[in-house]
Colleague: 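Would you mind keeping the following structure in view while I ask a few things?
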Amino acid sequence: MIEVQNITKHFGAFRALDNVSLQVPKGKLVALLGPSGSGKTTLLRILAGLDAPDHGRVILDGIEATGQKARDRGIGFVFQHYALFRHMTVADNIAFGLTVRKGKDRPPRAEIDRRVAALLDLVQLSGLAGRYPTQLSGGQRQRVALARALAVEPRLLLLDEPFGALDAQVRKELRRWLRRLHDELGLTGVFVTHDQEEALEVADEVVVMNKGRIEQIGTPAEIYDQPATPFVFGFLGHVNALPCRVEGGTACLFGRAVGVAAPDGEAIAFVRPHEIGLGLPGAAQPQASVRQISVLGPVVRIDLDLPEGTTLEVEASRDAFSQLEIDRGSAVSVLLRRVRFFVGEAGPWEGDAG
C-alpha cells in the first residue's frame with residue numbers, strides 16, 4: 001500500500017498541491033489524470049523523492065518515506081522523453097541501475113546479464129541488446145526505459161506521461177502492452193496522463209486532479225458514469241454543458257420542462273452526446289436543425305442548431321444514423337435520454353426528461 005497524507009506543495013506563491021491525500025492499493029495501476037497545472041506530475045515527483053512536500057507524509061508499505069532520498073525508496077521511474085544514455089547500448093541502459101550499486105548491493109555480472117536478457121524478452125526487444133538509442137524507434141526506446149525501471153525490481157513503478165512523445169497508433173499499441181505487462185507482473189504503479197482515453201483504458205483506478213486538488217477517485221467506469229463534480233463531467237469524455245435554472249423541481253431545456261429533484265438556483269445540465277436520440281420532427285420534442293455531420297469511423301457526430309442559439313453535439317452509430325436519412329439542414333426532433341444537473345457545485349441530480 002502506498003499512502004500520501006495531506007500533501008501540500010508550493011513553488012513560490014503558486015500552490016501546486018493543496019492538502020492531497022491518496023492511497024494506491026498494492027498491485028494496482030493508478031492514473032493521475034488532469035489538465036496541465038493540476039498537480040499530477042508534482043505529486044508523482046514527491047512519491048519518487050525527487051521533490052519534497054512543504055507539508056504532509058509519504059508512506060511506502062507502512063514505512064515513513066517522506067525524508068528518504070529517491071535512491072533509497074525502491075522506485076522505478078519512467079520519463080516521457082525516455083532519458084536514455086545515448087552513448088550506452090540498450091543492454092547497458094537497462095543494466096545501469098544495477099551496475100551503479102555499491103558493494104554487496106550490486107549483483108554479480110552474470111546475474112545482471114541474466115536479468116537484462118530476461119527484461120529484453122519481456123519488453124519484446126530480444127536481439128536489440130547491442131543497439132544504441134538512436135537506432136531505435138520511439139516506441140522501442142520507451143520499452144527500453146521501462147525495462148531499465150523494472151531492472152531494479154521496484155516496489156513502485158512511476159510513469160510520467162510515458163507515451164506522450166509518441167504518435168497516436170504507437171501510443172495505442174504501447175498502452176495495451178503496458179496493461180498486459182502490469183497484469184503479468186502484478187506491479188504497483190502510478191502513471192500521469194492528460195489523455196482521458198489512456199487513463200480509462202489502462203488504469204485500475206483513476207484520480208482526477210484539478211488546481212492542485214483531487215476532484216474524484218474511482219474505477220474508470222465510476223469516473224465516467226458517475227462524475228462527482230462539474231469539472232469531472234466536463235473533463236472526462238465529450239459532453240454538452242447547458243446553462244439553465246431550476247425552479248420548483250423543474251428546469252427548462254430547449255423550451256421543454258425537465259423534472260429534477262434539485263434545489264432552486266442557476267444550474268448546468270450535462271448530457272453526453274451518445275445519450276441523445278434523434279428522430280423526425282414532432283410536436284412533443286424540441287426541434288433542431290442539422291448543422292454538420294462528421295463520420296468518425298464507426299461513430300457519426302451530428303452538430304445541431306437549436307432555435308434559441310444553443311449548439312448540441314450528438315453521437316450515433318453508423319447503423320442508427322443510416323436509418324435517420326438526414327443531411328445538413330434537415331429538421332430533427334431531440335430526445336434527451338439522460339440528463340444530470342449540478343446547481344453550483346452541488347449534485348449531480350438525475351433529470352426526468354419524460
Side-chain angles (χ1 to χ4, degrees), residues 2 24-33 40-41 44 47-48 75-85 88-98 114-207 219-221 223-224 236 297-298:
I2 311 301
V24 180
K26 190 174 183 63
K28 298 297 184 181
L29 186 56
V30 173
L32 303 180
L33 175 67
K40 53 191 188 296
T41 294
L44 197 77
L47 276 172
I75 302 292
F77 204 109
V78 179
F79 298 90
Q80 177 179 349
H81 294 286
Y82 325 126
L84 299 178
F85 299 109
M88 290 185 181
T89 64
V90 166
D92 289 340
N93 265 285
I94 294 173
F96 180 77
L98 300 173
R114 184 202 64 77
R115 198 177 300 182
V116 168
L119 285 166
L120 282 168
D121 184 58
L122 183 68
V123 299
Q124 302 169 4
L125 293 177
S126 296
L128 302 184
R131 291 195 184 182
Y132 290 86
T134 55
Q135 298 172 305
L136 303 177
S137 68
Q140 289 172 329
R141 277 181 249 177
Q142 194 58 289
R143 292 188 191 204
V144 174
L146 183 56
R148 182 178 61 184
L150 294 174
V152 297
E153 298 180 330
R155 59 179 167 182
L156 177 62
L157 180 65
L158 304 177
L159 305 99
D160 187 9
E161 298 274 8
F163 311 131
L166 304 172
D167 63 58
Q169 186 58 40
V170 176
R171 278 204 311 270
K172 182 177 290 188
E173 293 172 358
L174 276 185
R175 66 192 187 209
R176 289 175 179 171
W177 171 80
L178 175 62
R179 180 68 248 186
R180 291 195 301 269
L181 184 67
H182 174 268
D183 291 341
E184 290 175 13
L185 299 179
L187 289 167
T188 304
V190 179
F191 71 97
V192 160
T193 183
H194 64 272
D195 185 328
Q196 55 189 270
E197 183 178 327
E198 186 169 286
L200 295 176
E201 181 177 349
V202 177
D204 296 305
E205 193 168 75
V206 180
V207 179
T219 66
I223 293 289
Y224 187 84
L236 210 66

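The figures that follow rest on heavy atoms only: side chains count, while hydrogens, waters and symmetry mates do not. Each residue takes its place number in the sequence, starting with 1. All figures in this text were calculated on a predicted structure; none of them were measured in a lab.
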Colleague: Of all the heavy-atom pairs spanning T193 and A199, show the shortest one and how long it is.
Modeller: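 Nearest heavy atoms, T193 then A199: CG2-CB, 4.0 Å.
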
Colleague: Side chains of L236 and L33: does their closest heavy-atom pair fall under 4.5 Å?
Modeller: yes

Colleague: Without swapping roles, check the side chain of Q135 against the backbone of Y132 for a donor-acceptor pair under 3.5 Å.
Modeller: yes

Colleague: Taking atom CD1 of I94 and atom CG of L120, what is their separation to the nearest 0.5 Å?
Modeller: 4.0 Å

Colleague: If you round to the nearest 0.5 Å, how far is CG of D195 from CD of E201?
Modeller: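 Interatomic distance, E201 CD to D195 CG, rounded to 0.5 Å: 9.0 Å.
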
Colleague: Under 3.5 Å, is there a donor-acceptor pair between the side chain of T188 and the main chain of G27?
Modeller: yes

Colleague: Give, for atom CG of L122 and atom CG of L146, the distance between the pair rounded to the nearest 0.5 Å.
Modeller: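 Between L122 CG and L146 CG, I get 8.0 Å after rounding to 0.5 Å.
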
Colleague: Please lay out, stage by stage, how V123 and V144 fare under the test side-chain contact (heavy atoms from CB on, under 4.5 Å).
Modeller: CA-CA 8 Å; V123 299; V144 174; over 6 Å; no

Colleague: Calculate, to the nearest 0.5 Å, the distance between atoms CD and CG belonging to Q142 and L159 respectively.
Modeller: 7.5 Å

Colleague: Between CZ of R141 and CG of L125, what distance do you get to the nearest 0.5 Å?
Modeller: 12.5 Å

Colleague: Pick out which of E161, E198, H182 makes a side chain to side chain contact (heavy atoms under 4.5 Å, CB included) with F191.
Modeller: E198

Colleague: In Å and rounded to the nearest 0.5 Å, what is the NZ to CG distance from K26 to L187?
Modeller: 9.5 Å

Colleague: Could you pull out the closest heavy-atom pair between L98 and A151, with the gap in Å?
Modeller: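 Looking at all heavy atoms of both residues, the shortest contact is CD2-O, 3.6 Å.
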
Colleague: Is it the case that more than 12 heavy atoms not belonging to E197 sit under 6.0 Å from its CD atom?
Modeller: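 Check fails, neighbour count at 12 or below.
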
Colleague: Okay, side chain of D204, backbone of L29: is any donor-acceptor separation there less than 3.5 Å?
Modeller: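 At least one qualifying donor-acceptor pair exists.
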
Colleague: Determine whether L44 and V190 satisfy the following criterion, side-chain contact (heavy atoms from CB on, under 4.5 Å), listing intermediate values before the conclusion.
Modeller: CA-CA 8 Å; L44 197 77; V190 179; 3.7 Å; yes

Colleague: Donor-acceptor check, side chain of R175 to backbone of V202, threshold 3.5 angstrom: yes or no?
Modeller: no

Colleague: For M88, is there any backbone N or O sitting under 3.5 Å from a side-chain donor or acceptor partner on N93?
Modeller: yes

